[in-house]
Amino acid sequence: MQLEEMINKNSPIPIYYQIEEFIKELIENGELRPGDALPPEREYAEKYQISRMTVRQAFTQLVNEGLLYRLQGKGTFVAERKIEQPLQGLTSFTEDMKARGFEPGSQLLHFEIIPATRQVAGQLLISEHGPVYEIKRIRMADNVPMALETNYISANLIKGLTERIVNDSLYKYIEEQLDFKIDSASQIIESSVASQNEADLLKISKGAPVMLIQRNTFLKDNTPVEFVKSVYRADRYKFMIQMKR
């Protein structure tokens with residue numbers, strides 16, 4: 001289907017929205033793939049006899065939705081598909097990626113036992129300066145950086161952590177080796193922009209949109225087992241929740 005066959009200038013549906021839907025259809029059926037360049041706005045406007053502003057509006061909306069991205073001086077391109085994580089269940093990053101057909105991976109940046117700060121101690125309900133594991137990792141899917149994650153775990157509660165365990169599956173070790181039952185978590189999500197350090201580690205531009213996520217995870221008896229602060233790439237990750245009235 002060509003765009004001119006789809007656009008109906010007499011329709012009450014705005015032309016920019018018709019263009020959006022046409023491009024979405026091309027992406028969904030595989031005619032446009034991640035990394036493919038779209039024709040310039042001017043070319044769209046001249047070929048289909050519509051205003052350049054209308055084309056720009058359609059492109060901008062698709063950029064905002066994360067389906068396209070722009071490179072200064074180079075044009076507009078199809079973005080990589082986002083990983084969708086439902087918020088209904090409590091799962092680890094490794095479990096999430098495997099469930100969606102991606103190969104999970106981690107790059108361990110930092111692993112040591114440190115004295116708990118007042119904030120970390122308050123989140124884990126332990127004494128200030130008590131020993132906690134501080135674990136900083138880049139979380140990846142198919143070798144692409146997705147998130148920068150910092151975990152804090154009480155060393156008096158979860159004993160015997162090693163770099164090898166952390167690089168495998170932390171939840172698996174806690175549940176299968178220590179026989180603890182991870183039961184629930186609370187999570188706060190807010191928007192932000194990447195700092196220079198975050199941008200370098202996640203391979204994005206400084207100031208690119210990111211999601212800041214704070215997670216508190218609890219055992220079955222409501223004992224806090226971990227406090228996590230994460231920075232997720234907003235161009236590659238999205239969260240989904242289903243609600244019932």
Side-chain angles (χ1 to χ4, degrees), residues 1-89 96-97 99-102 141-142 144-147 187-195 198-199 202-213 230-245:
M1 181 186 299
Q2 296 298 315
L3 183 58
E4 62 265 30
E5 297 173 6
M6 182 177 177
I7 288 181
N8 181 356
K9 296 181 180 179
N10 297 318
S11 171
I13 299 174
I15 293 176
Y16 76 86
Y17 184 80
Q18 295 181 49
I19 297 172
E20 286 178 44
E21 291 303 300
F22 174 75
I23 294 174
K24 285 181 181 178
E25 184 177 326
L26 294 180
I27 293 173
E28 288 171 4
N29 65 25
E31 291 185 51
L32 282 176
R33 298 179 177 276
D36 285 352
L38 271 71
E41 295 170 3
R42 174 183 48 77
E43 185 176 319
Y44 258 113
E46 292 176 354
K47 184 173 182 179
Y48 304 115
Q49 298 183 339
I50 51 181
S51 75
R52 187 169 177 178
M53 186 63 68
T54 297
V55 179
R56 180 171 299 171
Q57 188 174 0
F59 280 20
T60 298
Q61 183 61 32
L62 291 170
V63 168
N64 292 338
E65 291 181 27
L67 294 173
L68 303 178
Y69 66 94
R70 290 188 174 106
L71 290 178
Q72 186 68 32
K74 294 184 178 180
T76 306
F77 301 84
V78 179
E80 294 283 349
R81 69 185 180 95
K82 290 189 178 184
I83 295 174
E84 182 177 280
Q85 179 185 345
L87 291 178
Q88 286 89 341
D96 287 337
M97 295 304 102
R100 281 151 190 78
F102 292 92
D142 290 345
V144 177
M146 291 290 168
Q187 192 159 271
I188 298 171
I189 304 174
E190 58 183 312
S191 61
S192 185
V193 294
S195 67
E198 292 164 348
L202 294 174
K203 300 188 186 306
I204 55 178
S205 301
K206 180 184 177 181
V210 294
M211 293 180 287
L212 302 181
I213 300 175
S230 303
V231 180
Y232 275 81
R233 289 177 55 165
D235 66 329
R236 293 301 309 275
Y237 220 85
K238 62 181 177 180
F239 292 88
M240 182 271 290
I241 186 168
Q242 290 182 334
M243 295 176 286
K244 291 185 178 181
R245 182 175 174 83

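These numbers were taken from a predicted model, which means no experiment stands behind them.
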How would you list, by chain and number, every residue that makes a side-chain hydrogen bond (donor to acceptor under 3.5 Å, both in side chains) with [X], sequence neighbours excluded?
X: Glu41; result: Arg56
X: Ser51; result: Thr54
X: Arg70; result: Thr60

Let me confirm one number: the [atom1]-[atom2] distance from [X] to [Y], rounded to the nearest 0.5 Å.
X: Glu20; Y: Leu62; atom1: CD; atom2: CG; value: 5.0 Å
X: Ile189; Y: Leu212; atom1: CD1; atom2: CG; value: 10.5 Å
X: Lys206; Y: Ser195; atom1: NZ; atom2: OG; value: 8.0 Å

Quiz item: Who passes ring pair (Phe, Tyr, Trp, His ring centres under 6.0 Å) against Phe59, sequence neighbours left out?
Solution: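 Scan of Phe59 (ring pair (Phe, Tyr, Trp, His ring centres under 6.0 Å), adjacent residues dropped) gives Tyr44.
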Quiz item: Does Asp142 reach the main-chain N or O of Val144 with its side chain, forming a donor-acceptor pair under 3.5 Å?
Solution: no
For [X] against [Y], the heavy-atom pair lying closest together:
X: Arg33; Y: Val78; result: O-CB, 3.2 Å
X: Tyr16; Y: Ala58; result: O-CB, 3.3 Å
X: Asn29; Y: Leu26; result: OD1-O, 2.9 Å
X: Leu38; Y: Leu32; result: CD1-CD1, 4.3 Å

Exercise. With sequence neighbours left out, write down each residue that passes salt bridge (charged side-chain N to carboxylate O under 4.0 Å, His left out) with Lys24, or none if nothing qualifies.
Key: Glu21, Glu65
Quiz item: What pairs with Glu43 under salt bridge (charged side-chain N to carboxylate O under 4.0 Å, His left out), at least two apart in sequence or on another chain?
Solution: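 If we apply the salt bridge (charged side-chain N to carboxylate O under 4.0 Å, His left out) test to Glu43, skipping adjacent residues, there are no hits.
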Practice problem: Evaluate the side-chain proximity of Val210 to Ile204: yes if any heavy-atom separation is below 4.5 Å, no if none is. | Solution: yes
Quiz item: Do Ile50 and Ile19 touch side chain to side chain, with heavy atoms closer than 4.5 Å?
Solution: yes
Self-check item: Heavy-atom neighbours of Arg52 CZ exceed 12 at 6.0 Å
Solution: yes
